[in-house]
Amino acid sequence: MQQVKIGIVGGGTVGSGVVRALERNGGLMASRLGVRLEIVRVAVRDARKRRGAELPSAIVTGDWKTVVHNPDVQVVVELIGGTTTAREVVLAALSHGKPVVTANKALLSAHGEELFAAARANNANLYYEGSVAGGIPIIKVLRESLVGNRILSIRGIVNGTCNYILTRMKLEGIDFAEALKEAQRLGYAEADPTLDVDGHDAAHKTGILASLAHGFWVQPREIHTEGIRGITRLDIQFAARLGYTIRLLGVVRTISPGRAPAKGARKRAAGPGIQVAVYPALVPDSHVLASVNHAFNAVAVRGDIVGETLFYGRGAGGDPTSSAVLSDLADAALDLKHGSHDRVPAFVPHDRGGHVVPMDSVPCRYYVRLAVLDRPGVFAKIAAVLAKAGIGISSIIQPEGHEGESVPVILMIHDAPDGKVKGAMARIATLDNVKGPPVMIRVEGAGEGA
Ligand code: NAP
Ligand code: HSE
């Protein structure tokens with residue numbers, strides 16, 4: 001049977017997971033594909049580190065170049081993370097015309113366009129199923145299965161670490177730091193966990209999904225990004241009392257549909273304006289995303305023809321990510337077998353008029369928690385500021401049982417441009433009887449594509 005020889009750069013959580021997974025199911029894959037995948041080299045930072053029985057010492061090296069430049073290696077798998085050496089590894093492999101598999105969303109987010117161009121220039125391909133949502137095959141879904149749809153919205157829980165932390169804070173009342181430590185122990189978190197908790201990892205993934213869905217590469221700086229550090233158990237509890245669960249969401253939504261050029265006009269067609277953002281949000285308990293717990297991910301995609309679809313699975317950890325890497329290896333092996341490196345190109349730019357709408361003008365709904373002095377007339381002053389800004393309130397609640405100098409007041413705000421709500425809240429913070437800055441968390445709708 002034909003063999004495809006693989007070199008892996010990175011033997012950590014995912015790298016050793018891929019080795020284990022191929023040991024377990026390599027025979028099955030060979031019988032399905034008619035090609036046997038064989039790992040011939042694995043590069044790590046420290047070749048002398050004890051790694052148990054996971055990586056056979058004979059194939060382990062401390063020098064990634066000996067993997068990439070090895071003439072026997074036909075496919076290079078980059079699993080070291082980061083954007084510096086990883087970029088060198090991928091470019092070096094592509095320059096030899098070798099297909100590359102990566103799970104590195106930070107790298108793609110920062111250098112996607114350059115890497116895809118290098119792949120095209122060298123008649124090689126770049127596969128990245130493992131980069132978004134772990135074991136959920138969402139890249140394939142957007143590139144292949146939903147290729148006949150305009151994508152109207154994507155809403156996803158795409159960071160397992162944050163979802164794990166929020167779940168444990170809600171269900172067990174444990175604190176943020178303890179939950180993060182546990183996520184690190186379980187291999188969910190990035191080497192630098194600030195990438196997870198500050199929303200950057202979710203932004204990398206959301207940007208990749210947005211780019212695939214809309215055909216222009218979304219730059220990291222265009223993605224409005226908030227993490228979960230500011231989410232307290234108090235807000236998780238208040239949200240629960242109101243029938244919501246707090247989740248970190250990646251959101252891609254068409255805000256303006258774009259337009260064709262007027263007949264005879266010289267102006268180019270304007271592409272769609274899209275929202276691309278990551279933020280914690282109150283999700284109604286009736287919505288399926290609210291019941292996605294622990295390190296699970298879920299991505300809801302709405303297409304103009306298919307309607308609403310939902311993809312669910314384990315979003316972080318060695319095994320689910322290895323499953324995605326194996327699927328890429330299978331594609332790479334079949335492409336080598338059939339000499340078809342561009343059967344499904346890594347990324348095809350196709351909507352150069354598309355653009356990201358600044359967050360300030362995106363309509364958002366909010367949960368706002370204020371600390372106020374319990375005096376007559378406070379509500380009236382708050383309501384007056386909002387009325388002047390043209391912002392509607394759907395409810396005001398003063399939860400009972402809170403004593404002290406100030407008491408919490410929860411406002412639920414109707415849809416209004418994000419910048420306008422923030423401006424009004426900054427004015428409310430300066431009112432005499434309002435203590436401290438308001439806590440503001442967006443609220444997602446329950447409806448289809450809301
Ligand atoms: P990890 O556990 O920290 O492993 C990184 C590996 O890369 C280690 O084996 C390390 O060697 C090796 N390495 C680092 N620098 C190197 C260099 N210059 N040359 C050779 N080897 C080097 O990371 P991971 O969790 O497996 O993540 C790998 C990639 O997959 C990242 O891009 C990550 O974002 C992505 N990813 C991870 C997950 C997950 O759940 N963990 C899920 C999806 C995607 P030593 O072992 O000697 O230190
Ligand atoms: N740190 C990432 C997460 C790994 O927690 O989702 C999977 O990409």
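Numbering of ligands and ligand atoms starts at 1, following listing order.
Set against the non-hydrogen atoms of Gly315, the atoms of ligand 2 under 4.0 Å away are 7 (C). Listed by number with element, the atoms of ligand 2 under 4.0 Å from a non-hydrogen atom of Asn159 are 2 (C), 3 (C), 5 (O), 6 (O). Atoms of ligand 2 found under 4.0 Å from any heavy atom of Tyr188, numbered from 1 in the order shown, are 1 (N), 2 (C), 3 (C), 4 (C), 5 (O). Ligand-side atoms of ligand 2 in range of Thr161: 1 (N), 3 (C), 5 (O), range being under 4.0 angstrom from any heavy atom. Interface of Gly187 with ligand 1, defined as ligand atoms under 4.0 Å from a residue heavy atom, comprises 39 (C), 40 (O), 41 (N). When each atom of ligand 2 is checked for a heavy atom of Lys205 under 4.0 Å away, the hits are 2 (C), 3 (C), 6 (O), 7 (C), 8 (O). Applying the 4.0 Å criterion to heavy atoms of Asp196 picks out, from ligand 2, the atoms 1 (N), 2 (C), 3 (C), 5 (O).
Comparing Asn104, Leu195, Ile8, Thr13 by heavy-atom distance to atom 1 (P) of ligand 1, the nearest is Thr13. When Pro320, Ala316, Ala324, Gly10 are ranked by how near their heavy atoms come to atom 7 (O) of ligand 1, first place goes to Gly10. With Asp192, Leu186, Leu79 as candidates, the residue nearest to atom 29 (C) of ligand 1 on a non-hydrogen basis is Leu79.
Contacts of Asp201 with ligand 2, taken as heavy-atom pairs under 4.0 Å, involve the side chain alone.
Distance from atom 11 (O) of ligand 1 to its nearest protein heavy atom, with residue and atom name: Arg45 N, 3.0 Å. Among protein heavy atoms, atom 8 (O) of ligand 2 sits closest to Lys105 NZ, 2.6 Å.
Within the 4.0 Å cut-off (strictly below), no protein heavy atom is located near atom 3 (O) of ligand 1. There is no protein heavy atom closer than 4.0 angstrom to atom 23 (O) of ligand 1.
Some N or O of Gly160 is nearer than 3.5 Å to an N or O of ligand 2, by distance alone. Distances between N or O atoms of Ser131 and those of ligand 2 include no value under 3.5 Å.
Looking at Asn293 and Arg247, their side chains do bring a donor and an acceptor atom within 3.5 Å of each other.
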